[in-house]
Amino acid sequence: MGIDPWGQRLDDHTPIAEVRAQAGAVKYRCAGGKEVDLPPFDSGEAAVEGLDFRAWKAAQDAEYGDGERGEITGPTLRVAGRVVLMRTAGKLVFASLRDQTGDLQLMIGKQQVGDDWDLVDKIDLGDLIACDGTLVRTNTGELTIAATGLTFLTKSLEVPPEKHHGLTDPEARQRMRYVDLAYNDGVMPRFLARSLIVRSIRESLAERRFVEVEGPTLHAIAGGAAARPFTTHHNALDIDLFLRIALELHLKRLMVGGIERVYEMGRVYRNEGISPRHNPEFTMIELYQAYGDYNSMMDLTEALIIDAIDRLREAGYAPSGDKPYVLPWGDDTIDFTPPFKRRTYDDLFQEYAGCDPNDEAAVAAKAKSMGFAVVDEAGAPRHADVIKSEVFEETVEDALVGPIFVTDYPASLCPLTKRKTGAPHIAERFELFIKGMELANAYTELNDPDLQEELFKSQLAGLDESESMAKMDDDFVRALRHGMPPAGGLGIGIDRLVMLLTNSQTIRDVILFPLLRPER
RNA sequence: GAGCCUGUAGCUCAGUCGGUAGAGCAACGGACUUUUAAUCCGUUGGUCGUGGGUUCGAGUCCCACCGGGCUCACCA
C-alpha cells in the first residue's frame, strides 16, 4: 500500500488501530480529494429498493429466478451500508455490505470501477460506503451488485470485533450495544421484532377503540404495586418524589373521568434486584376497559399475543408452516395456539400441591413440610392465604409451561380486585404464565371506594408508618367515590412478551440498554 | 446480600509442574478478476483486571480489592 490513505498514516508498520486512535487523524474526506456527494437515499426508486436488502434480494430472486452466473438486465442500483467482510482476490474484491435489513454482496473489479479503485485499498472493515452498480449473479449463484462506482461515506475509527465470534462478553455487548447491533448475528432482527410487537399491540388496541395516554412518571405516592420505588427530589417544590412502579392508579382515575378504554405503554421503575427476568426499569402496558371483566381481559390478552405473532410472521421474524403459533424456545418450543388453557388457582393447587386448598390445616401442614413458616416472628399465626400462596409459588408456578391462565386467586392477596359474586374470598383475577414466567396479570377491577379504602388500610397494617404514609392514596379513593365504571384491567410485561416471542432467554437481550454499573 | 465460576493482544481464546508471553481473526507489506470465515508468504501488536505477599524466579501459588457470568435471595 505504502500510500497514506487518510493523509496521516505514519508508515507501513503502524497498525490501523493506532492510526485510527489518533484524534483528528481522519477527516471526513477521502484521499484523492473525492468529495462525498450522495443524493438522499429515499428520493429515488432504485435507492428505495436498495434500502431493504432482505426484501430486495427476495424480490430480485423472484423476478430473475435462480440464474446461472452472469449479468442480469436490471436497474442500476445504489446501495449504502457498512463493510463487514472483505475477500480480496487481486484486482477483484468481494465485500459484504450490511444495512439495517441484512447483508448484500458487492463485487468490485479494478477495471470496472476505474478511478474509484484507489478507494478499495483504503476501505477497512467497519467503514460505511455507498456503491453504484448493476446486478450480477456470481459463480455460486449469489445475487450481487457489480460495482461501477464507489463512494466513501464514513470511517470507522475503532476496530470491529472478531469476525467469526463477534463480541461475546455480555457486558461489553450491552455497554456497546451499537457494536452488538452492527456485528452480532440476530441482534438487529430481535430489536426490529421488538419494535414490531410494540406496534402490533398499539394497532390491535386502536382497532378496539382504546385510547393511549401518558400518565405521570413522577409520583408523590408510588402505588399500584408492591415494589420498592426509586426516590428523587424536586427542588423548586422541595418535595421528594418517586418514579412510578405501576400505571394503574392514574389510568383508573381517567376511567372515572370517562375515558372508557384507556391504556398506557411505558416505563416503570422498581428499585429491586436484577436477574434474567428483571431489569430495574422495564416496559409494561396496562389497559382498562369499562364494562369488561377479567374474562374479557383473557380474550384480549390472547388476541394481542396472537396478533403480534401474526405480525412477526408476516415480517419473517416468526416461523410459518402448519403450526404457525408454535414458537421456538431454546431447545424447546412454546405452543401459543389459541385458546390458551384456563385453570383455577384452587384446581391447580389441588393438583400440584396435592392437598385441599380450602383445608387450612392441611395447607399449613404442607407448608410446614416444605419449610415455610406458619407463624410470624411474634409467634402469631400467619394469614392462611399467604401461606397458601407460598406453597402455590413453590409447587405450581415453576411447573406451569403454559401458556395458561391461572384464575380466581385468594381475595386477600388482591387489594385492587373485585370479589367474585357470592364468593367474597375469591378475587376475579388471572395471571398468564408461560415457561414459569408471569407474563400478564388482570382483574375485574374493584370500584367500591369504601372497600378499596379498607383494603388499602389492611394491606398497610403490617408496614411501618413511613411506608404506610407513602402508600395510602387518598386521592385515588376520592376518585372512586366519583364513580368508576365496572371494568376489566390488564397488565402485560412487554419485555417478557418480547423474550417469549423472540426466543430470548434473558431480559437483557431484549432491552437495548439494560442497567449496568458505570464503567470504571 | 450469599455460593460457585471468571478476567491474558482491538476481538475470540490457549498457556502443562512456578522457569524467555502464544494461536486465529483484525491491522500492515506482498501474490491473486468469481470469493463466501477466501487462500498463500511475511510483519506489527502485551500494565497477563488492580494492589500486596511467598519465591532466586509468579500469567501460574496465597491474600485483599475492582469488574463480569451463573445460581439463589429480593420481586403482586
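Basis for what follows: all heavy atoms, side chains included, without hydrogens, waters or symmetry-related copies.
- Within the 4.0 angstrom heavy-atom criterion, only backbone atoms of the sugar-phosphate kind lie near A:Glu438; the bases stay farther away.
- Look at the C1' atom in both B:C11 and B:G46: the space between them is 15 Å, to the nearest Å.
- Separating the CG atom of A:Leu92 from the P atom of B:C32 is a distance of 13 Å, rounded to the nearest angstrom.
- Residue A:Asp169 has its side chain nearest to B:U12 when only B:U33, B:U12, B:A27 are considered.
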Pull out every protein N or O sitting under 3.5 Å from an N or O of nucleotides 38-42 of chain B, one pair per line with the distance.
unit_1	atom_1	unit_2	atom_2	d
B:A38	OP1	A:Lys163	NZ	2.5
B:A38	OP2	A:Arg87	NH1	3.0
B:A38	N7	A:Thr88	O	3.0
B:A38	N6	A:Thr88	O	2.7

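- A:Leu106 places none of its side-chain heavy atoms less than 4.5 Å from the side chain of A:Val93.
- In this structure, B:C72 forms a base pair with B:G1, meeting either the Watson-Crick or the G-U wobble geometry with both donor-acceptor distances under 3.5 Å.
- Between A:Phe94 and A:Gly224, the one whose closest nucleotide on RNA chain B sits nearer the 5' end is A:Phe94.
- Heavy-atom neighbours of A:Glu360 CD from other residues, nucleotides or ligands within 6.0 Å: at or below the threshold of 12.
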Kindly list each side-chain donor-acceptor pair under 3.5 angstrom involving residues 245-252 of chain A, sequence neighbours excluded, with atom names and distances?
unit_1	atom_1	unit_2	atom_2	d
A:Glu248	OE2	A:Lys252	NZ	2.8
A:Lys252	NZ	A:Glu445	OE1	2.6

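- Figure legend. B:U35 is base-paired to no nucleotide; pairs are counted as Watson-Crick or G-U wobble with both atom distances under 3.5 Å.
- Between A:Glu162 atom CD and B:U8 atom C1' the separation is 16 Å, expressed in whole Å.
- For A:Glu431, taking side-chain heavy atoms from C-beta onward, the closest of the listed nucleotides B:U33, B:A76, B:C25 is B:A76.
- Pairs passing the salt bridge (charged side-chain N to carboxylate O under 4.0 Å, His left out) check and including a residue from residues 267-276 of chain A, sequence neighbours excluded, read A:Arg267-A:Glu281.
- Under the side chain to side chain donor-acceptor pair (under 3.5 Å) criterion, A:Arg277 pairs with no residue at all, not counting sequence neighbours.
- Rounded to the nearest Å, the gap between the C1' atom of B:G7 and that of B:C48 is 10 Å.
- When heavy atoms are screened at a 4.0 angstrom cut-off, A:Tyr443 is found touching base atoms of the nucleic acid.
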| task | Give the intermediate values and the outcome of salt bridge (charged side-chain N to carboxylate O under 4.0 Å, His left out) for residues A:Arg429 and A:Asp408. | result | CA-CA 5 Å; A:Arg429 171 193 185 183; A:Asp408 297 343; over 6 Å; no
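- Nearest to the side chain of A:Arg508, among B:C11, B:U35, B:G69, sits B:G69.
- Atom CG of A:Asp332 has more than 12 neighbouring heavy atoms from other residues, nucleotides or ligands inside a 6.0 Å radius.
- Residue A:Glu142 places no side-chain atom within donor-acceptor reach of the base of B:U35, judged by atom type and a 3.5 Å distance cut-off alone.
- Distance noted for atom P between B:G49 and B:U12: 15 Å (whole Å).
- Residue A:Glu171 places no side-chain atom within donor-acceptor reach of the base of B:G69, judged by atom type and a 3.5 Å distance cut-off alone.
- As rounded to the nearest Å, B:C75 and B:G1 have C1' atoms that lie 15 Å from one another.
- Look at CZ on A:Arg175: it is 14 Å from P on B:C11, rounded to the nearest Å.
- Rounded to whole Å, the separation between the C1' atoms of B:U50 and B:U44 comes to 28 Å.
- The ring pair (Phe, Tyr, Trp, His ring centres under 6.0 Å) test applied to A:Tyr409 returns A:Tyr345, not counting sequence neighbours.
- Judged by distance alone, with hydrogens and angles left aside, A:Thr168 brings no side-chain donor or acceptor close enough to the base of B:U12 to form a pair under 3.5 Å.
- The same atom, P, is picked in B:U16 and in B:U6; the two are 14 Å apart, to the nearest Å.
- Between the CD atom of A:Gln105 and the C1' atom of B:U33 there is a distance of 13 Å, given to the nearest Å.
- The same atom, P, is picked in B:G15 and in B:U55; the two are 28 Å apart, to the nearest Å.
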When you compare the protein's N or O atoms with those of nucleotides 72-75 of chain B, which come within less than 3.5 Å of each other, and at what distance?
unit_1	atom_1	unit_2	atom_2	d
B:C74	O2	A:Gly273	N	3.3
B:C75	O3'	A:Ala226	O	3.0
B:C75	O2'	A:Glu272	OE1	3.1
B:C75	O2	A:His278	NE2	2.4

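- The gap from the C1' atom of B:G18 to that of B:C13 amounts to 23 Å, rounded to the nearest Å.
- With sequence neighbours left out, A:Asp346 forms a side chain to side chain donor-acceptor pair (under 3.5 Å) with A:Lys388.
- In terms of the side chain to side chain donor-acceptor pair (under 3.5 Å) criterion, A:Tyr443 has no residue partners (sequence neighbours excluded).
- Atom CZ in A:Phe430 sits about 18 Å away from atom P in B:A76, given to the nearest Å.
- When the P atom of B:A9 is taken as reference, atom CD of A:Glu158 falls 16 Å away, rounded to whole Å.
- B:A76 atom P lies 12 Å from atom CZ of A:Phe433, rounded to whole Å.
- A salt bridge links A:Arg244 with A:Glu264; the closest basic N to acidic carboxylate O contact falls under 4.0 Å.
- Every residue meeting the ring pair (Phe, Tyr, Trp, His ring centres under 6.0 Å) condition with A:Phe405, not counting sequence neighbours, appears here in chain and number order: A:Phe340, A:Phe430.
- Nucleotide B:A27 is matched to B:U43 when pairs are restricted to Watson-Crick or G-U wobble geometry with both distances under 3.5 angstrom.
- Atoms CG (A:Asp124) and C1' (B:G10) sit 13 Å apart, rounded to a whole Å.
- Mapping A:Gln174 and A:Gln112 onto RNA chain B by nearest heavy atom places A:Gln112 at the nucleotide closer to the 5' end.
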